[in-house]
Amino acid sequence: MKHERLGQPNADAGRIVRELVRKEAARIIADADAPSSDPERLIRALHDELRSLRNEIRQRSFTQVEARVEGAADTLGVTVANPTPPTLARSATSALAKLRQAELDVHELGEDPRIAVAETLRQHGVATRLDGEVAPLIRLSDGVRAACEHATPEMRKKTETTGRLVAEFLGDVPLEDLEGQLPDLMRTLSRLPKTHGKAHGKNRFRSDGVVKSKLDEIREADERDQHVLDELAADPELSEADRRARVFDRLVPRVTVTNLKRHLDGIHRILRAAEKELGYTGKTKIMTYRTLDRLVARDTEERQKENPIYLRVTDPKVRDRWDDAHLKTLLTSPLYRGSLKGRRAMPGKVLSRDAIYWVPLILLTMGTRVTEVLQLRRRDLVLKNGVHCLRLCWDVDQHGKTEDATRIVPISQMLIDLGFLDWIMRLGRSDAYLFPEIVNAKPSDPGSIFGKRIGTVLTRLGIDDSSQDFYALRKTFSSALWAAGVSEDNVQKIIGHVSHTTVGKHYIYRDMARLKQLLDSADFGLRIIQSRVRKHPVIADCTLVPETIARVEVILDGQGNLCACRIRRAKDDAQLLALRIGTADRSSLRDWCDVEVTDHRTGAARLWRLSQDHHFMITGSPEMKSAFEHVLAAGAHSGVPRRIPE
């Protein structure tokens, strides 16, 4: 399916003449080293052609360059009018005449061809290499291949994603043209919906679907936004402030500036690889973060001039540490106590100690990354100064996110108490993967396979949360270390953000026992016992949350305020309270029972009293959490003691 591209290129005289000059100069240099069977005849032909070109310039009738102009345009993927526009034809004829004169100097006077064509190349901005050879035309696809050749799988995936995105808008653009087109490209990319590329309908069950171009997705999002803006503008009862307050939650979220900066990094990575591997001689940094920020800000300002209530809405992913209720729900779930076969979230008699079992515990107690753990082999278990450790990203085929990912980390005492060392020693060969069921399923990207499988478990446990996802366990570990008084420097050493200017890896080798002591200071309130039934240790309890856990469901009104909520006990799903506050739509409560209608003040007080005996666990958007926490704050207000004397 051929998609429309950003700024479909038309005749660009400068670019076309530059490519014509590049081709002709490269041919002149190549032909100079090839022996001629009849040099006199060659020189006469060059004189005749040069005389003809000069006559065309004088007579302003350009015919000889048309084929060469079309060839250069085809190489660049641009179109030219027929007949060739006079300005383009004149410039091309003039450049060709200069090159013919240079070629005559080579064959008549014996001049070095690289020196003969150098001035014309300089005038038209054609780069040369250090040896004087004409720099080749290097395209986006060439740069992407160079950048991916020696990259880690993760970096290769990111680079290819950026390359595909740029190619969809600009085509297989020459790298030397990227700088001039980048501002328009970035402005356009900033308009992409956050969910772009995810609404095609294809999945592992369906192969059909509609793949929309990025420009089509932008147009559709703009149309939806315009409909919202027009609707709000047409309501005479709304003030300007009311319109601004309401527009935020209704506009289509676009990609974040952080996402744009990642793609800008990818473009610069492609340019640097082209310079190193392919002889690219252009700039390798063509835009700064600050310039990108200004581009997006100016685009927003221009749109606000057209409509004062316009906002550029983004929905950035913010990962937060897991709250104690989420952790307790996971660690005391059937995943760690016994489940049905193939149903890890359902209570049963099967306790499978595999990747789904161990990896969350490793991330939670050692601060590792998912991909680092999935690449582990049995031989990565080592003893350093009497301390059992794991080597992370140590072998050549084990790749980390950063150079500092290559490190050795002590195994937490919690994992040892659960029998992790015994489990490893029973695996067999030293080169065996710890988690072959994940690696073998998709060797190129085991993280995606694991993410889907653990995601299914979290969903069925009712703890799937966009801000407290599986990858946030690493942040949870850092937070637990901080709460235990571990310094920021030591936290960075443990989780793999060590700078080479600090103590770094040598600290780990000399003071492994001290590092393990710091690592074990993270307290997750686990009680581990030896199970006679399982024949190995199991998690008996998690004391992080002494109160009963209750799940919270929230419904918001059009202004983002809480208008209904339901509280259910987590262990048996029994409803504890269901409130309808204000203007909640009854249809949204159709599966709720015993709903009480109340005012905001009374409802807030009821919720606050219930929170004294239950630990609330709310999943959903940040807006839902904030609205519920505001109601709780209002309910607790009357119970806050005042310290001002009577």
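Atoms considered below: every heavy atom in the structure, side chains included; atoms not considered: hydrogens, waters and symmetry mates. None of the values given here were measured: they were computed from a predicted structure. Throughout, residue positions are numbered sequentially from 1 according to the sequence presented.
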**Prompt:** So, T161 side chain and K157 main chain: donor-acceptor pair closer than 3.5 Å or not?
**Reply:** yes
**Prompt:** Any side-chain heavy atom of T256 sitting closer than 4.5 Å to one from K261?
**Reply:** no
**Message:** Just so I know, are the side chains of R312 and V257 near enough to count as touching, which here means a heavy-atom distance under 4.5 Å?
**Reply:** yes
**Prompt:** Could you go step by step and tell me if V538 and I529 meet the side-chain contact (heavy atoms from CB on, under 4.5 Å) rule?
**Reply:** CA-CA 6 Å; V538 297; I529 62 172; 4.0 Å; yes
**Message:** Under 4.0 Å between a side-chain nitrogen and a carboxylate oxygen: does that hold for R551 and D573?
**Reply:** no
**Donor-acceptor pair, side chain of D541 and main chain of T543, under 3.5 angstrom** = no
**Prompt:** Below 6.0 angstrom between ring centroids: does that apply to W423 and F435?
**Reply:** yes
**Request:** Could you grab the distance from atom SG of C389 to atom CG of D380, nearest 0.5 Å is fine?
**Result:** 11.5 Å
**Prompt:** Hey, does R224 have a side-chain heavy atom less than 4.5 Å from the side chain of R250?
**Reply:** no
**Message:** Could you check whether any side-chain N or O of E217 sits under 3.5 Å from a backbone N or O of G197, counting only pairs where one atom can act as donor and the other as acceptor?
**Reply:** yes
**Prompt:** Just by distance, do the side chain of Y357 and the backbone of Y336 share a donor-acceptor pair under 3.5 Å?
**Reply:** no
**Message:** Could you tell me if H614 and T548 have a donor-acceptor pair between their side chains, going purely by distance under 3.5 Å?
**Reply:** no
**Asked** Any salt bridge between D520 and K516, counting N to O under 4.0 Å?
**Response** yes
**Prompt:** Are the side chain of S479 and the backbone N or O of K475 linked by a donor-acceptor pair below 3.5 Å?
**Reply:** no
**Complete:** Tightest non-hydrogen contact, residues F524 and L364, listed as CZ-O, 3.3 Å
**Request:** Can you see which heavy atom on L526 is nearest to which on C542, and at what distance?
**Result:** CD2-CB, 3.9 Å
**Message:** I need the L576 CG to R566 CZ distance, nearest 0.5 Å.
**Reply:** 11.0 Å
**Request:** Apply salt bridge (charged side-chain N to carboxylate O under 4.0 Å, His left out) to the pair D225 and R254, showing each step before the final yes or no.
**Result:** CA-CA 11 Å; D225 281 359; R254 310 297 174 124; 2.6 Å; yes
**Least distance between heavy atoms, K341 atom then V350 atom** = N-CG2, 4.1 Å
**Short side-chain to backbone donor-acceptor contact, E168 and R164, under 3.5 Å** = no
**Prompt:** Is any side-chain heavy atom of Y289 less than 4.5 Å from a side-chain heavy atom of L264?
**Reply:** yes
**Request:** Classify the side-chain pair H268/D265 by whether it contains a donor and acceptor separated by less than 3.5 Å.
**Result:** no
**Request:** Using a 4.5 Å cut-off on heavy atoms from C-beta on, say whether the side chain of H388 contacts that of F420.
**Result:** no
**Prompt:** Is there a side-chain contact between H263 and T162 (heavy atoms, below 4.5 Å)?
**Reply:** yes
**Request:** List the atom of H600, the atom of A634, and the distance in Å for their closest heavy-atom pair.
**Result:** CE1-CB, 4.1 Å
**Asked** Passes side-chain contact (heavy atoms from CB on, under 4.5 Å), V255 versus L189? Steps please.
**Response** CA-CA 8 Å; V255 295; L189 290 182; 5.6 Å; no
**Message:** For a quick test of reading the model, state the closest non-hydrogen atom pair linking L351 to P334 and the distance between them.
**Reply:** CD1-O, 4.4 Å
**Prompt:** Roughly how far, to the nearest 0.5 Å, is the CZ atom of F616 from the CG atom of L607?
**Reply:** 6.0 Å
**Fill in**
Rounding to 0.5 Å, atoms NE2 (H615) and CG (L544) come to a distance of 9.5 Å
**Message:** So, taking the atom named CD1 in I270 and the one named SG in C148, what distance separates them when rounded to the nearest 0.5 Å?
**Reply:** 7.5 Å
**Item:** Heavy-atom side-chain contact between W322 and L473 under 4.5 Å
**Value:** yes
**Request:** Given side-chain contact (heavy atoms from CB on, under 4.5 Å), test W358 with L415 step by step and report yes or no.
**Result:** CA-CA 9 Å; W358 287 118; L415 288 173; 3.9 Å; yes
**Item:** Test log, rule side-chain contact (heavy atoms from CB on, under 4.5 Å), inputs V373 and L390
**Value:** CA-CA 9 Å; V373 176; L390 289 176; over 6 Å; no
**Request:** Can you spot which of V252, L260, L165 makes a side-chain contact (heavy atoms from CB on, under 4.5 Å) with L192?
**Result:** L165
**Any donor-acceptor pair under 3.5 Å from K384 side chain to M512 backbone** = no
**Asked** Would you say the side-chain atoms of S611 pair up with the backbone N or O of W608, donor to acceptor, closer than 3.5 Å?
**Response** yes
**Message:** So that I can tick it off, tell me whether D354 and R453 are bridged by a salt bridge, with the cut-off set at under 4.0 angstrom between side-chain N and carboxylate O.
**Reply:** no
**Message:** Can you confirm whether F450 sits close enough to T371 that some side-chain heavy atom of one is under 4.5 Å from a side-chain heavy atom of the other?
**Reply:** no
**Message:** Show the nearest heavy-atom pair for residues P410 and L515, with the distance to one decimal.
**Reply:** CD-CD2, 3.8 Å
**Atom NE2 of H630: over 12 foreign heavy atoms under 6.0 Å** = no
**Message:** Under a 3.5 Å threshold, yes or no: a donor from one side chain and an acceptor from the other, between R514 and Q517?
**Reply:** yes
**Prompt:** Quick check: does any side chain N or O of R568 sit under 3.5 Å from a backbone N or O of V552, one acting as donor and the other as acceptor?
**Reply:** no
**Fill in**
Rounded to the nearest 0.5 angstrom, the CZ-CZ distance for R353 and R534 is 10.5 Å
